[in-house]
Amino acid sequence: MSRTMKALLAVWIAVLVGAAGWIGWDAWQGKQPSLGGPFALVDQNGKPFSSDRLKGKPTLIYFGYAFCPDVCPTSLLLMETAIEQLGPDVPKKVNLVFITIDPERDTPELIKGYVENFSPSFIGLTGTPEQIAQAARAYRVYYQKRPGKDGDPYLMDHSSIVYVLDRNGRFVTHFTHEAKAEAIAKAVQRLL
Ligand code: NI
């Protein structure tokens with residue numbers, strides 16, 4: 001290889017390494033979550049509830065609906081189980097939040113009865129369809145009404161994610177409803 005070729009090769013390698021580094025940096029920046037953000041909803045007592053109220057404690061949030069036959073109950077039970085594993089006093093130190101994506105049926109009264117079945121410490125939130133849409137958009141939650149079969153009540157298709165927020169209300173990580181309670185407990189433990 002001639003000296004010129006070697007020099008050219010060296011330059012080319014430098015360009016490639018630089019490009020790879022740049023792409024890596026970009027990907028890393030992309031990983032910085034732009035997920036979550038403020039919302040204004042209504043709690044299970046019919047009172048306005050702003051996301052600022054979650055600050056000061058780590059938070060687990062799940063979007064679903066009370067009529068959900070399977071995935072929602074599994075997820076809420078998972079959240080509750082995870083927190084209980086951390087000790088008897090921990091449930092008071094963590095916000096457990098359920099946000100409905102079916103505000104049409106999930107009134108504050110209905111949500112109150114629903115979430116308290118899982119844990120008395122659950123915060124159940126509803127709101128106007130616009131308020132729910134805003135909160136769901138912030139967390140990139142998908143939901144869609146699906147007509148029931150043979151005159152059955154409608155169902156809601158929805159994404160099923162447990163979001164973990166730190167004490168400042170910032171998104172940290174997420175789990176699916178298939179996660180192990182231990183894994184969620186560990187993630188919360190780090191934030192306590
Ligand atoms: Ni569901």
Side-chain angles (χ1 to χ4, degrees), residues 33 35-47 49-51 53-54 57-85 91 94-165 169 171-188:
L35 207 67
F39 56 73
L41 296 169
V42 175
D43 72 13
Q44 70 256 51
N45 298 310
K47 300 260 162 42
F49 189 98
S50 135
S51 50
R53 294 258 299 275
L54 301 174
K57 297 179 188 177
T59 297
L60 295 180
I61 300 187
Y62 184 81
F63 289 77
Y65 70 116
F67 286 84
C68 181
D70 40 38
V71 175
C72 291
T74 304
S75 305
L76 298 193
L77 198 62
L78 176 66
M79 289 160 74
E80 198 246 326
T81 308
I83 297 314
E84 296 235 310
Q85 286 190 354
V94 179
N95 297 309
L96 291 178
V97 181
F98 170 79
I99 302 179
T100 184
I101 41 82
D102 184 15
E104 191 179 319
R105 284 185 298 202
D106 287 348
T107 60
E109 301 74 40
L110 194 139
I111 285 191
K112 188 179 171 75
Y114 182 67
V115 294
E116 289 176 3
N117 266 331
F118 294 94
S119 165
S121 64
F122 249 106
I123 300 166
L125 301 176
T126 184
T128 64
E130 293 75 24
Q131 286 176 315
I132 295 298
Q134 186 273 322
R137 230 181 355 257
Y139 283 86
R140 296 189 211 139
V141 171
Y142 159 82
Y143 62 104
Q144 178 78 48
K145 200 186 254 190
R146 182 155 51 90
K149 286 191 190 107
D150 308 322
D152 282 349
Y154 66 85
L155 297 172
M156 298 294 291
D157 290 332
H158 66 97
S159 43
S160 177
I161 302 283
V162 177
Y163 299 91
V164 181
L165 275 52
F171 170 78
V172 176
T173 187
H174 70 274
F175 294 91
T176 73
H177 58 265
E178 287 167 338
K180 292 267 179 292
E182 292 75 20
I184 299 179
K186 245 183 215 168
V188 171

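Start at 1 and go down the list; that is how both ligands and their atoms are numbered. Here, residue 1 is the first one in the sequence, and each next residue gets the next number. Treat the numbers as computed from the prediction; the structure is a model and nothing was measured.
In this structure, Ser75 OG and Ile184 CD1 are separated by 8.5 Å, a value rounded to the nearest 0.5 Å. Taking CD1 from Ile161 and NE2 from His174, the interatomic distance works out to 4.5 Å, rounded to the nearest 0.5 Å.
The closest donor-acceptor contact from the side chain of Asp43 to the backbone of Asn45 lies under 3.5 Å.
Here the rule is ring-ring contact (aromatic ring centres under 6.0 Å, His included) with Tyr163, and of Tyr139, Phe98, Tyr62 only Tyr139 fits it.
Not counting sequence neighbours, the partners of Lys57 by the side chain to side chain contact (heavy atoms under 4.5 Å, CB included) test are Asn95.
Side chains of Asp102 and Tyr154: a donor on one and an acceptor on the other come within 3.5 Å.
Around the Ni ion (ligand 1), the protein atoms of type N, O or S found under 2.8 Å away are Cys68 SG, Cys72 SG, His158 NE2, listed by chain and number.
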